[in-house]
Amino acid sequence: MLNSWLESSFQHLSSSIKQGRVPHSIIISGDNTLGGASLALEIAKLILCENRQGDKCCDNCKSCLLFNNLQQGSHPDFLSVLSATTEQVDNGADLSHNFKDLLSDMGTPLLEESVTPVKGNKSIKVESIRRLCEWIVEGSILGNGKVCVVSNAQLMNEASSNALLKTFEEPPKDSCIILLTSTFDALPATILSRALKIQLPNVEERVGIDYLSKELKDNFNQDRARVCLELAKSSPIGALQYYNEQLDLIATEILQGLNDAIENRVNEQKVVSSLNKLTDEQKALILRVFIKDLLKYKARVSKEQLPLLRQVNLDNLCKLSAVSLFKAYNLLTFVNVTDAKLPSRAPNCLLSAFIQALRA
């Protein structure tokens with residue numbers, strides 16, 4: 001079942017299918033945690049339904065019943081190309097018929113599942129795309145076509161994109177390729193021009209609050225939910241992950257420590273130590289949102305509209321100059337950059353420089 005904020009995107013596509021216009025290629029763009037993978041699965045289910053009734057699945061055919069079991073299900077005429085390391089490609093872990101593998105690779109695993117960290121840089125390998133192109137021209141097992149989803153398509157390099165282009169130009173009959181990407185800009189124009197494009201919508205705060213309230217039940221706290229939604233760029237699924245990780249509470253603690261460090265009430269290394277308990281992505285996220293919100297506050301945006309800052313004493317932070325804030329923000333570019341040539345103490349130096357820039 002689709003989340004409410006995805007229904008309009010699905011209805012737009014299903015209306016075309018009802019009129020007999022089944023697209024051969026679709027590109028879905030938006031933050032991973034908005035649920036693009038779930039939308040792709042719902043589209044695949046509709047396309048492969050054996051007894052489709054206009055814009056609705058029958059929900060009773062063999063194909064639909066397979067899609068109804070996301071936890072353990074797979075489909076012989078459905079394939080995911082997953083972002084993978086070279087080692088994973090060599091082991092065949094880059095292609096999967098299982099639905100939960102796609103959801104996990106897109107960062108939206110089923111509630112019963114968790115994402116296992118992978119060592120090494122992931123990408124969409126050209127070998128994976130070539131195997132996709134070979135698979136999609138083979139006959140359909142259930143006889144109603146084939147659907148393939150390319151996860152994190154923004155990770156395709158030029159060779160991967162070129163390998164996919166021929167299939168985009170001459171798609172096999174009764175086939176559909178769906179690309180999931182964080183942004184349309186990450187894909188070449190030759191690919192974009194040959195596909196139906198769907199932009200996932202921004203989610204209103206009230207919709208996100210309602211989603212979190214239903215998911216968290218007795219554990220729901222509206223103030224915490226608002227902070228998590230802000231950190232997750234209004235994505236309810238991302239906010240739920242942050243809520244369960246207590247990232248909002250960690251962010252509040254760090255910002256309070258940062259305030260004390262700027263005023264020289266505590267040593268800046270105490271704040272650096274707290275930040276280093278987080279991943280590079282989490283550090284950069286918290287500090288970027290902090291700087292952006294502080295700039296908004298200085299531009300007369302109400303504190304009520306800035307949930308993260310509501311948790312922090314702004315008496316001193318609001319005195320920081322815009323020049324200092326922009327300088328500190330620029331330093332965050334290097335916080336989540338992995339480079340084996342950097343000395344091990346470099347991240348600490350960058351974070352100290354960030355705090356010093358705020359003091360300037």
Side-chain angles (χ1 to χ4, degrees), residues 1-30 34-70 73-81 95 97 99 102-103 106 129 132-151 153 161 163-181 184 187-201:
M1 184 176 179
L2 281 177
N3 291 309
S4 60
W5 60 88
L6 297 173
E7 290 176 356
S8 60
S9 298
F10 180 72
Q11 288 301 324
H12 173 71
L13 180 72
S14 61
S15 296
S16 296
I17 292 176
K18 182 179 182 179
Q19 296 170 19
R21 302 195 303 270
V22 181
H24 286 291
S25 52
I26 303 169
I27 301 175
I28 300 174
S29 174
L34 282 172
S38 298
L39 178 59
L41 287 172
E42 199 69 20
I43 292 171
K45 178 182 177 182
L46 180 62
I47 291 174
L48 295 177
C49 176
E50 297 170 16
N51 302 305
R52 188 169 62 235
Q53 300 166 359
D55 58 351
K56 299 185 184 300
C57 299
C58 71
D59 252 352
N60 292 315
C61 67
K62 182 175 181 179
S63 178
C64 284
L65 292 176
L66 290 173
F67 275 102
N68 288 343
N69 184 5
L70 293 180
S74 64
H75 196 296
D77 293 324
F78 172 85
L79 185 70
S80 297
V81 177
L95 302 182
H97 295 284
F99 310 130
L102 172 64
L103 293 166
M106 285 297 294
I129 296 297
L132 150 66
C133 295
E134 292 171 359
W135 174 84
I136 207 162
V137 297
E138 297 172 354
S140 168
I141 302 296
L142 298 185
N144 203 44
K146 286 190 166 188
V147 175
C148 179
V149 178
V150 179
S151 172
S161 298
L164 183 63
L165 184 57
K166 181 172 176 59
T167 303
F168 256 49
E169 291 174 332
E170 302 174 10
K173 183 180 179 182
D174 297 327
S175 69
C176 180
I177 299 176
I178 304 173
L179 305 185
L180 300 176
T181 180
F184 290 127
L187 301 179
T190 49
I191 294 290
L192 290 171
S193 63
R194 290 169 171 82
L196 172 68
K197 291 175 278 295
I198 298 175
Q199 175 66 59
L200 297 182

>> Side chains of Leu165 and Ser161, heavy atoms from C-beta outward: is any pair under 4.5 Å?
In response: no
>> To the closest 0.5 Å, what do you measure between OG (Ser9) and CG (Leu39)?
In response: 6.0 Å
> Minimum heavy-atom separation for Leu2 to Ser38, with atom names?
Replying inline: CD2-O, 3.9 Å
> When rounded to the nearest 0.5 angstrom, what distance separates NZ in Lys45 from SG in Cys64?
Replying inline: 5.5 Å
>> Can you pull out every salt bridge (Lys or Arg N to Asp or Glu O under 4.0 Å) where at least one residue sits in residues 9-28? Sequence neighbours excluded, please.
In response: none
>> Could you go through Val150 and Ile178, starting from their C-alpha distance and side-chain angles, then the distance that decides it, and tell me whether this counts as side chain to side chain contact (heavy atoms under 4.5 Å, CB included)?
In response: CA-CA 6 Å; Val150 179; Ile178 304 173; over 6 Å; no
Which donor-acceptor pairs under 3.5 Å do side chains of residues 142-149 form with protein atoms, sequence neighbours excluded?
from   : atom 1 : to     : atom 2 : distance (Å)
Asn144 : ND2    : Leu48  : O      : 3.1
Asn144 : ND2    : Cys49  : O      : 2.7
Lys146 : NZ     : Trp135 : O      : 2.7
Lys146 : NZ     : Glu138 : O      : 3.4

Quiz: residues 187-196 side-chain donor-acceptor pairs under 3.5 angstrom, not counting sequence neighbours:
from   : atom 1 : to     : atom 2 : distance (Å)
Ser193 : OG     : Ala189 : O      : 3.1
Ser193 : OG     : Thr190 : O      : 3.3
Arg194 : NH1    : Thr190 : O      : 2.8
Arg194 : NH2    : Glu169 : OE2    : 3.3

> If you round to the nearest 0.5 Å, how far is NZ of Lys197 from OG1 of Thr181?
Replying inline: 12.5 Å
> Parallel under 30°, tilted from 30 to 60°, perpendicular over 60°: which one fits the rings of Phe67 and Phe99?
Replying inline: parallel
> Taking the side chain as C-beta and beyond, is there a heavy-atom pair between Pro172 and Thr167 under 4.5 Å?
Replying inline: yes
> Just how far is it from atom CZ of Arg52 to atom SG of Cys61, taken to the nearest 0.5 Å?
Replying inline: 10.5 Å
>> Could you work out, with salt bridge (charged side-chain N to carboxylate O under 4.0 Å, His left out) as the rule, every residue matching Lys166, not counting sequence neighbours?
In response: Glu170
> What are the two closest heavy atoms between Leu34 and Trp5, and how far apart are they?
Replying inline: O-NE1, 2.7 Å
>> If I compare all heavy atoms of Asn60 with all of Leu65, which pair ends up nearest, and what's the gap?
In response: O-CD1, 3.6 Å
> If every non-hydrogen atom of Gly36 is compared with every non-hydrogen atom of Ile28, which pair is closest and at what distance?
Replying inline: O-CD1, 4.2 Å
>> One pair to check against side chain to side chain contact (heavy atoms under 4.5 Å, CB included): Ser63 and His75. What are the steps and the verdict?
In response: CA-CA 7 Å; Ser63 178; His75 196 296; 2.8 Å; yes
> What are the two closest non-hydrogen atoms of His24 and Ser175, and how far apart are they?
Replying inline: ND1-O, 3.0 Å
>> Let's go through Leu180 and Leu102 carefully: what are the C-alpha distance in whole Å and the side-chain angles of both, what is the deciding distance for side chain to side chain contact (heavy atoms under 4.5 Å, CB included) to 0.1 Å, and is it a yes or a no?
In response: CA-CA 10 Å; Leu180 300 176; Leu102 172 64; 4.1 Å; yes
> Taking only residues two or more places apart in sequence or in another chain, which ones pass side-chain hydrogen bond (donor to acceptor under 3.5 Å, both in side chains) with Ser80?
Replying inline: none
> For Ile141 and Asp77, which heavy atoms make the closest approach, and how far apart are they?
Replying inline: N-OD1, 2.8 Å
> Per the side-chain contact (heavy atoms from CB on, under 4.5 Å) rule, which among Leu46, Leu41, Ile47 passes with Ile43?
Replying inline: Ile47
> In chain order, what residues pass the salt bridge (charged side-chain N to carboxylate O under 4.0 Å, His left out) check against Asp55, with sequence neighbours excluded?
Replying inline: none
>> Can you tell me which residue among Leu13, Ile177, Leu179 is in a side-chain contact (heavy atoms from CB on, under 4.5 Å) with Ile26?
In response: Leu13
